[in-house]
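Per chain, numbering begins at 1; letters A, B, ... match sequence-line order.
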Amino acid sequence: MTTTIFATHHYNYPQNFIEMKPKITRLEQAIKKLETNLINADAEILEQRLASHLGLQVDYASELNANQLLAATTIEGKVLVIAGAGSGKTKTLTYRTSYLIENGVSPKEILLLTFTRKAANEIKNRARTLLTSRLLDNNPIDGKALNDITSGTFHSFCNMLLRQYSGLLGINPRFTILDTGDSEDAIDLTHKEKKYPTKITNQAFPRKKTLQNIFSTSRNRRIPIRHLIESSYPDIAVHIPVIEQLAIDFHEYKRANHLYDFDDIISQVVRHLKRNDTFRQLLQNQYRYIMVDEYQDTNIPQKELIDLMCAPASVSLMVVGDDNQSIYAFRGANYENILLFGESYPEAKLIKLEQNYRSTPAVLDYINALSAQITLGYQKQLYSDVSMEGIKPVFRRLSDESKEAKYIADKILESKSDYDYQDFAVLCRTSFQSNYVQLEFMERNIPFIVVGGIRFIERRHIKDVLAFVKILYNPNDTIAWHRILTLFKGVGSVTATRLTQAINADNNSFAPLITTKFTKKSTQLEPLYKMLSKASQAESVEAIIELILDFYMPVLKINEDNWRERSEDFRVLKNLASEHDSLDSFLENLALDPPNDSVATAGVPEQGEESIDKNRDKVTISTIHSAKGLEWSVVFVNSLVDGMTPHYRSLSDFEELEEERKLFYVACSRAKARLFLTAPDYFSSYSGYFDKVSRFVAEVPADTITVLTVKQPIDESDDPVWW
DNA sequence: AACCCGAGGTTTTTT
DNA sequence: ACCTCGGGTT
């Protein structure tokens, strides 16, 4: 029995653990079975692989470790690669890509699906460098050919398919994409149009946000709406029949107006793959080598997509992931996909990458201890061959959140001689947990950048401007019309709907805007008409944005008192526009690969050209979710109170709690050299009062971590005893 | 039909 | 402490 830090604490285990037992057993069996297909880089295999490398440009054997080499050179059949944190996953995919090409695979046959487009481009570019930098005398490989590799996120790939094969699929290629907020609006509009009751026996109808959530979860996790509501939203059960009907109406509404939400983009492709044999065979013949990154975060439709494309034995599939890092169930990801891979592909091979190149042994010991607490998963133990042990992670409790922030700032300034600002990151469970940290950093003049939280694309004024662009691209986009028209005083929901209908009925001409019936509602409609007419003739995306802004700025000034601040964002928007030469690529990029950093930065003011390096040197403040895949020398994780991390909403559900545990694992495994964990004494909100240290900190063996107690002379006099 | 105001429920994470 | 929704008012 190992000693844990807070042995006296008692945490209630989720009640549904018993019900979960059969499912857990099934998953365990699938894991066990696939474990028997594990291949290891033994001497014989390696020798075989090395022999086949004669004549290749890249020296795979000396640049990869044994199992990386195995993964990079196993190019036929179905393979699952379990890639632990910091095990060189991107490197392996890069070398595999290069290996495929050196073995005569055409770049056009390669499909690379990753979590972000950035990751896809990185792999492509690194593979290019790899292949072309070795270019000696007669290198037959053209670096440009790598552009023919199809790569991107599931969403961008499916979006491309829908547009490119629109003829074959019988759909309109000029559709617009609804983000989550737009979907909510569309649900609301459908609801109002159909005039469904908003109350039954005094029970209010759920909000649009809740509805969007229900619809999306129902589709991504394949749970009928009725069951989902009965199990997760029991208090709105009286509304089930209406909600079910609304789901159908909502879907028809989207189809009628050429609107696709995030879920449609994937699901519609899956639907076509199932029904359209020509389409399916086309893709199966085209993409012969498929690689999927972050497989643990795929949802059911995404898994189905892969399964359909990979049905022929001749299609090679390698999925890469880490079951310890599945943290997206809330948006429908299904952690079972990776655990049940052996069920879908009984012949699949399993390869594990367990050598860690990121963290010191001291940090690794800790994250291995965290990993041991995760109930389900493939056997794994990260190891390092670095001999310097490093410093153990530190846990410190402080009286409140501002003291926590102070402590973090102190530590950063203390170790500033060893590191740059950009070597630090503060990782938070929720974005608002960074508020105190931001304040403290501003006061102490520590430059920082905030990642996660309210994003660029979701700001009201940005969405407004994009609505104009969307209309120019798809005049059927009723959601965008509605958004624009209700900006004007005198035009409300009813007029907007009527006007939108008139436009659509008039073959999408803008003419109804200048009929007297509507112009008397607002003087803005005529200028709008002129602007749209002009913009539809404009030469470039940038010119269109300029025209829209000329029109929109006065409106913004009337509607928002902080218009000056908001209009700063338009420079970013104009820059983005200048990078695109067509409306579809511009809109697609913003919808599916939006700029991630919030513009919120502080500290070092801009000082012109030379200070670019200085502007990069900032501490990162990020949500844990947005930190996935990244690493820093020094990592802080705050708010480690049970109820904040794990979040109180997940305490009663076994699977949700497991995901929180994995989230903490992701956070800690970002650290290269130092890991600081902090917790305030308590946290209270309308949902309760929480004062126990996070169970994730409490449950690991005490010798893996240094716990600072009251005895430590850190500038806090009123540090209470907390265990 | 639009707008204003007050009440009540709300807050995790994001392609 | 915040935003969304509903109801009453203009």
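Straight-line distance from the NE2 atom of A/His191 to the P atom of C/dG6: 9 Å, rounded to whole Å. In this structure, A/Glu655 atom CD and B/dT13 atom P are separated by 21 Å, rounded to whole Å. The NZ atom of A/Lys209 sits 21 Å away from the P atom of B/dG8 (whole-angstrom rounding). Nucleotide B/dG9 holds its C1' atom 14 Å from the CD1 atom of A/Ile236, rounded to whole Å. Atoms OH (A/Tyr648) and P (B/dT13) sit 11 Å apart, rounded to a whole Å.
Of the listed nucleotides (B/dT11, B/dG9, B/dT15), B/dG9 has the atom at the smallest distance from the side chain of A/Arg207. Nearest nucleotide to the A/Lys489 side chain, out of B/dC3, B/dA1, B/dT11: B/dC3. In this structure, of B/dT14, B/dT11, B/dT15, it is B/dT15 that holds the atom nearest to the side chain of A/His155. With B/dA2, B/dT15, C/dC5 as the candidates, the nucleotide lying closest to the side chain of A/Lys208 is C/dC5. Residue A/Val494 has its side chain nearest to B/dA1 when only B/dA1, B/dC3, B/dT15 are considered. Checked against B/dA1, B/dT15, B/dT14, the side chain of A/Thr153 finds its nearest nucleotide in B/dT15. With B/dT13, B/dT15, B/dC3 as the choices, the nucleotide that has an atom nearest any side-chain atom of A/His625 turns out to be B/dT13. Comparing B/dT15, B/dT13, B/dA2 by their closest approach to the side chain of A/Phe262 singles out B/dT15.
Between A/Ser626 and B/dT13 there is no side-chain N or O to OP1 or OP2 distance below 4.0 Å. The side chain of A/Thr430 contributes no N or O atom lying less than 4.0 Å from OP1 or OP2 of B/dT11.
Between A/Arg661 and A/Glu656 no salt bridge is recorded (no basic side-chain N to carboxylate O distance below 4.0 Å). Salt-bridge formation is detected for the pair A/Lys628/A/Glu294: a Lys NZ or Arg NE/NH1/NH2 atom is positioned less than 4.0 Å from an Asp or Glu carboxylate oxygen. Taking the charged nitrogens against the carboxylate oxygens, A/Arg219 and A/Asp264 do have a contact shorter than 4.0 Å, which makes a salt bridge.
For A/Phe330 and B/dT13, the ring-to-base geometry satisfies the stacking test (centroid distance below 5.5 Å, interplanar angle below 30°).
When each of A/Glu659 and A/Gly492 is assigned the nucleotide of DNA chain B bearing its nearest heavy atom, the one mapping closer to the 5' terminus is A/Gly492. Nearer to the 5' terminus of DNA chain B, by closest-nucleotide assignment, is the contact made by A/Arg498 (compared with the other of A/Gln302 and A/Arg498).
For the side chain to side chain contact (heavy atoms under 4.5 Å, CB included) criterion with A/Ile449, the lone passing option out of A/Ile621, A/Val619, A/Thr620 is A/Thr620.
A/Thr180 comes within 4.0 angstrom of a nucleotide base, judged by non-hydrogen atoms across all strands.
In this structure C/dC3 sits in a base pair with B/dG8, meeting the Watson-Crick or G-U test at under 3.5 Å.
A centroid separation of 6.0 Å or more is found between the aromatic rings of A/His191 and A/Phe250.
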